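Worth knowing before you read on, the calculation uses all heavy atoms, side chains too, and leaves out hydrogens, waters and symmetry mates. Keep in mind the model is a prediction, meaning the values are calculated, not measured. Throughout, numbering of the chain's residues begins at 1 and tracks the sequence.
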Amino acid sequence: MVPLKRRKVNCSVTSDSSGDRTSKFPGVVIYLLERKMGASRRAFLTRLGRGKGFNIEYSLSCSITHIVSENNSGEEVRTWLDLQTGGQGREGGEGRTARPGSVHLLDIVWYTESMHAGIPVIILDRHRLQEREKPGLELAVVSVPSYACQRHTPLLHHNITLTDALSILAENAELGENEGRGVAFRRAAALLKSLPQEVRGAEQLRGLPCLGEHSLRVIKEVLEDGVSHEVETTTHSEQFKAMKALTGIFGVGAKTADRWFKEGIHTPSDLQRSGHTLNRAQRAGLQYYDELNLPVTKSEAVAIGQIVERAVHAVLPGAEITLIGGFRRGKQTGHDVDFLITHPDEGREEGLMPKVVSWLEAQGFLLYQKTTGNSYLESKEGPARPASNMDRFERCFSIFRLSTDNEGREIQTGNGPQTYSPTLTNTDPHTHSESPHPLPQTLVVVGDHAQKVSWVLGHSQCSGPRSWRAVRVDLVVSPYSQFPFALLGWTGSKLFERELRRWAVHEKAMTLSSHALYDRKRVHTLSQTHTRFQYSSGSFLTNNRYVEWVRGLGFV
């Protein structure tokens, strides 16, 4: 069990004691246990109870009759109470130290039901804190591989509170361009996601890999107090909020956002008013800021996929299109949509992207696009050069115009309409107040459509209902011989790919990229032949067999 903090007991009447307030129920004196509840929630519940005439003590004293806690077992609260009282007991009488058995140890359910009823409800068995089995050291003896790519990591897992805290610290480190620190937090979070049960005590993590001192300190604090002070400080930091808002603009990275923050620009509206010269991607990102920061649903991704498939087949019949990224991993929402395109006849995919982009632009589907060619030259690449995190495939980064119905609420797909609820507003996301200033407007022409768009604190807002929304879409074209590597690389996650490449180098003496797998043990021939693992088209003809290909090489 995590060591519990000791709080000095004050057996005298404190400044917030019952003598200073009128209580409707003098025989009931309540103490709300902050452990795992958090200070802000405890303060809110205290105000709520006092407003209804309940006597809520903020300091532990001998007059307490009811101790209410959240997410604690009876044993945990009794241990905590023993520490606070110094192990003293009493046989009765005011002014002596309370024994753990002399007060009611209740779950938060009793308190909320009492608030609803307006009186202290009768204490039932379901209100009393239940005994919980000791977790023991079960997880300490579980064999957990050191590399995230070797572990099963489900989307739904048992330790969401812990992983959310670590993910916030990882994001903050990444926004500060401290990549090593960010990776450390990501690895710790990935380890927790893979565990077969909930972590209830830090001793369960003893001997497990990927848990550094900093991560363990955060985990212990969350387990003990319900929150981490460092995480709370980070989320309320002006710099963190500003960096998240600015990097949420399409085309803006951490370096640019940090420079703007130092110039006093904290929000998209600040950027718009600053008069900074923006590149084409940043102008589009600012224009469609609201929509590009809305989650993209699986049904929307499917609808876009049908359009992309029509475009690709119109210019290259027989080509194969695969939905990749988070949606391929089973997620139901994402921040963008990625597609991998190839053709069974090697070479026919060359020059495909400009034709697809031209078709989409002619049909009015693209609000913005930037296309890059394939810069991967196999004859000049070898294992001596480290694999880049970014591949060199032909690709198109775009902002897609996804049509909805006339009311802007349904996406038309081949399987019928899917629900879509746009949330464009004209309020400041930080103050939730309407802008008191006139809103400048600009004319946006998309295909045959022209609409006036209002700038609201850096966000786009149509002057009336419209029949489309903006979505980020990335298109990638791969030669068929490189398709399984590209499919693996673009399926993600980012940490999984990083760990897979690290494992290949250190454990298999191989170099893996989104283009090829190199055997470094045959380095003397690689300069000429590169000894790439090649497979006949039949071995990876079906897109969903890439996992079998990876297993065949011993990666998982």
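- Under a 3.5 Å cut-off, the side chain of Glu76 and the backbone N or O of Ser73 do form a donor-acceptor pair.
- Leu81 CG to Ile67 CD1: the interatomic distance, rounded to the nearest 0.5 Å, is 4.5 Å.
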Starting from the C-alpha separation in whole Å, work towards a yes-or-no answer on side-chain hydrogen bond (donor to acceptor under 3.5 Å, both in side chains) for His276 and Gln282.
CA-CA 11 Å; His276 274 63; Gln282 292 165 352; over 6 Å; no

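- You'll find the ring centres of Phe250 and Tyr368 inside the 6.0 Å limit.
- The main-chain N or O of Glu230 is found under 3.5 Å from a side-chain atom of Thr234 such that the two form a donor-acceptor pair.
- Distance CG/Leu105 to CH2/Trp80: 10.0 Å, rounded to 0.5 Å.
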With side-chain contact (heavy atoms from CB on, under 4.5 Å) as the criterion, how do Ser167 and Phe185 come out once you've worked through the C-alpha distance, each side chain's angles and the decisive distance to 0.1 Å?
CA-CA 7 Å; Ser167 296; Phe185 286 128; over 6 Å; no

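- Within the 4.5 Å cutoff, the side chain of Ile341 has no heavy atoms near those of the Glu349 side chain.
- For Glu346 (side chain) and Ser481 (main-chain N/O), a donor-acceptor pair under 3.5 Å exists by modelled atom type.
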Residues Gln482, His515; criterion side-chain hydrogen bond (donor to acceptor under 3.5 Å, both in side chains); working and verdict
CA-CA 5 Å; Gln482 299 174 26; His515 295 274; 2.8 Å; yes

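- Residues Arg469 and Glu291 are not paired through a salt bridge, judged by the lack of any N-O separation under 4.0 Å between the basic side chain and the carboxylate.
- Side-chain contact between Lys36 and Glu70 is absent, with no heavy atoms from C-beta onward closer than 4.5 Å.
- Under a 3.5 Å cut-off, the side chain of Glu221 and the backbone N or O of Val218 do not form any donor-acceptor pair.
- Listed here is the closest heavy atom pair of Leu246 and Phe261: CD1-N, 4.4 Å.
- With Asp270 contributing its side chain and Thr267 its backbone, the two residues share a donor-acceptor pair below 3.5 Å.
- Heavy atoms only, all atoms of each residue included: Leu488 and Glu497 are closest at O-OE2, 2.5 Å.
- Crowding of Leu156 atom CG: a count of heavy atoms from other residues, nucleotides or ligands under 6.0 Å not exceeding 12.
- Using modelled atom types, no side-chain atom of Thr322 and backbone atom of Ile324 make a donor-acceptor pair closer than 3.5 Å.
- Taking 4.5 Å as the limit, every side-chain heavy atom of Leu487 sits out of range of all side-chain heavy atoms of Thr342.
- Side-chain contact between Arg151 and Leu191 is present, with heavy atoms from C-beta onward closer than 4.5 Å.
- A side-chain hydrogen bond (donor to acceptor under 3.5 Å, both in side chains) with Glu499 is found for one member of Arg187, Arg186, Lys494 and no other, namely Arg187.
- Looking at Leu195 and His157, their side chains never come closer than 4.5 Å, going by heavy atoms from C-beta outward.
- Between the CG atom of Leu169 and the CG atom of Asp164 there is a distance of 11.0 Å, given to the nearest 0.5 Å.
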Check against side-chain contact (heavy atoms from CB on, under 4.5 Å), His343 and Tyr480
CA-CA 6 Å; His343 195 283; Tyr480 202 63; over 6 Å; no

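- Closest non-hydrogen pair, Ala173 versus Gly182, comes out as CB-N, 3.6 Å.
- Checked by atom type and distance alone, the side chain of Arg280 pairs as donor or acceptor with a backbone atom of Gln369 at under 3.5 Å.
- Side-chain contact between Val68 and Leu45 is absent, with no heavy atoms from C-beta onward closer than 4.5 Å.
- Rounding to the nearest 0.5 Å gives a distance of 7.0 Å between NZ of Lys241 and NE2 of His236.
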Distance-only criterion, 3.5 Å: show the donor-acceptor pairs between side-chain atoms of residues 332-340 and protein atoms not counting sequence neighbours.
residue: Gln332; atom: NE2; partner: Gly330; partner atom: O; Å: 3.4

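- The shortest non-hydrogen separation linking Cys210 to Ser146 is SG-O, 3.3 Å.
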Would you check, one step at a time, whether the test salt bridge (charged side-chain N to carboxylate O under 4.0 Å, His left out) holds for Arg78 with Glu75?
CA-CA 5 Å; Arg78 272 191 288 274; Glu75 181 186 1; over 6 Å; no

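- Formation of a donor-acceptor pair under 3.5 Å by the Asn72 side chain with backbone atoms of Val77 is not found in this model.
- Between Leu33 and Met37 the shortest side-chain heavy-atom distance does not fall below 4.5 Å.
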Take Lys220 and Glu224 through the test side-chain contact (heavy atoms from CB on, under 4.5 Å) and record every step on the way to the result.
CA-CA 6 Å; Lys220 288 179 181 178; Glu224 181 177 351; 5.9 Å; no

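- Here the straight-line distance linking atom OH of Tyr288 with atom CZ of Phe400 works out to 13.5 Å at 0.5 Å rounding.
- Arg401 places no side-chain N or O within 3.5 Å of a backbone atom of Leu367 that could act as its donor or acceptor partner.
- Using a distance-only test at 3.5 Å, with no hydrogens or angles considered, no donor-acceptor pair links the side chain of Ser228 to the main chain of Val222.
- Atom NE2 of His229 sits in a sparse spot, with 12 or fewer heavy atoms from other residues, nucleotides or ligands closer than 6.0 Å.
- Within the model, atoms CZ of Arg472 and CD1 of Ile399 stand 8.0 Å from one another, a figure rounded to the nearest 0.5 Å.
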Which pairs would a plain distance check flag for residues 251-259, meaning a side-chain donor or acceptor within less than 3.5 Å of a matching protein atom at least two apart in sequence or in another chain?
residue: Asp258; atom: OD2; partner: Lys262; partner atom: NZ; Å: 3.1

Does the side-chain contact (heavy atoms from CB on, under 4.5 Å) test come out yes or no for Ile219 and Leu211, once each step is laid out?
CA-CA 10 Å; Ile219 292 170; Leu211 296 174; 4.1 Å; yes

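- The shortest non-hydrogen separation linking Arg35 to Leu223 is NH2-O, 4.4 Å.
- Glu507 has its side chain within reach of Tyr147: a pair of non-hydrogen atoms, C-beta onward, lies under 4.5 Å apart.
- In this structure, Leu175 and Lys244 approach most closely via the heavy-atom pair CD1-CG, 3.9 Å.
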